[in-house]
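All heavy atoms count here, side chains included; hydrogens, waters and symmetry mates do not.
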Amino acid sequence: APQEKGSTFLQLGSSTEQQLQVIFEVLEEYDWTAFAVVTTLLPGHEAFVDYVEVLTDSSFIGWEHRGVVTLNLTDDPEGARARRQLREVSAQIRLLYCSRDEAEAVFRAAADAGLAGPGYVWFVVGTNLGGGERLPEH
């Protein structure tokens, strides 16, 4: 996984469900049981949130789901609301569901909010993150 400013990005080119199953195996392996979910309004975001709940509810591990933040990036060009919303959840582990283009705006807001440096781990999940030579700048 490429390291960028102390954050860890894992990008997996498979279905959302498979990506989440792998991510939860990683979380379990590292004993990262507290997490928050961040989504944009990308189609499928409700199913993503539902599937996270299925995975955590059906598990014997004591997951600590610290909430869901749904970002509306189109109404928030400067990212002020996104920064505020991202600060509202306390988990250092964040599962992000968004498109590749949206990831730029989300990580810009996260960086501006002080949530993208060392100590924060973001797992990016989405159907169209593959391809392209570069990771989002932020």
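The cluster map of Ile, Leu, Val, Met, Phe, Trp and Tyr, joined by side-chain heavy atoms under 4.5 Å apart, puts Leu27 and Ile61 in the same cluster.
The shortest distance between side-chain heavy atoms of Gln92 and Leu115 does not fall below 4.5 Å. At least one side-chain heavy atom of Ile93 sits less than 4.5 Å from a side-chain heavy atom of Phe123.
Judged purely by atom type and a 3.5 angstrom limit, Arg83 uses its side chain to pair as donor or acceptor with the backbone of Glu78. Counting only distance, with no hydrogens or angles, the side chain of Ser59 and the backbone of Leu55 share no donor-acceptor pair below 3.5 Å. Side-chain atoms of Glu102 come within 3.5 Å of backbone atoms of Ser99 as a donor-acceptor pair (strictly under, hydrogens ignored). No donor-acceptor pair under 3.5 Å is formed between the side chain of Gln85 and the backbone N or O of Val69.
The shortest non-hydrogen separation linking Gly79 to Ala109 is O-CB, 4.3 Å. For Thr33 against Gly62, the heavy-atom pair with the smallest separation is CB-O, 3.9 Å. In plain terms, the two heavy atoms of Asp112 and Arg87 that are nearest each other are O-NH2, 4.0 Å. What you find for Ala82 and Leu71 is that their closest heavy atoms are CA-CD2, 3.9 Å. The shortest heavy-atom contact between Val106 and Leu86 is O-CD1, 4.1 Å. When every heavy atom of Arg94 is checked against every heavy atom of Val89, the shortest pair comes out as NH2-O, 2.7 Å.
Between atom CG of residue Leu41 and atom CD of residue Glu46 there is a gap of 8.5 Å, rounded to the nearest 0.5 Å. The distance from the CH2 atom of Trp122 to the CG atom of Leu96 is 6.0 Å, given to the nearest 0.5 Å.
For residues 57-76, the pairs satisfying salt bridge (charged side-chain N to carboxylate O under 4.0 Å, His left out) are Glu64-Arg66, with sequence neighbours left out.
In this structure, a donor-acceptor pair under 3.5 Å is present between the side chains of Ser15 and Gln18. At a cut-off of 3.5 Å, with distance as the only test, a side-chain donor of Gln21 or Tyr51 sits close to an acceptor on the other residue.
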- Might you work through the side-chain contact (heavy atoms from CB on, under 4.5 Å) test for Leu42 and Tyr97, ending with a clear yes or no? CA-CA 8 Å; Leu42 182 69; Tyr97 178 81; 3.6 Å; yes
- Message: Set out, in order, the CA-CA distance, both residues' side-chain angles and the distance that settles side-chain contact (heavy atoms from CB on, under 4.5 Å) for Leu95 and Phe48, then state yes or no.
- Response: CA-CA 10 Å; Leu95 310 184; Phe48 177 81; 4.2 Å; yes
- Go through the steps to decide whether Tyr30 and Val121 satisfy the test side-chain contact (heavy atoms from CB on, under 4.5 Å), and finish with yes or no. CA-CA 12 Å; Tyr30 284 92; Val121 181; over 6 Å; no
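Aromatic rings from Phe35 and Phe24 are positioned such that their centres are separated by under 6.0 Å.
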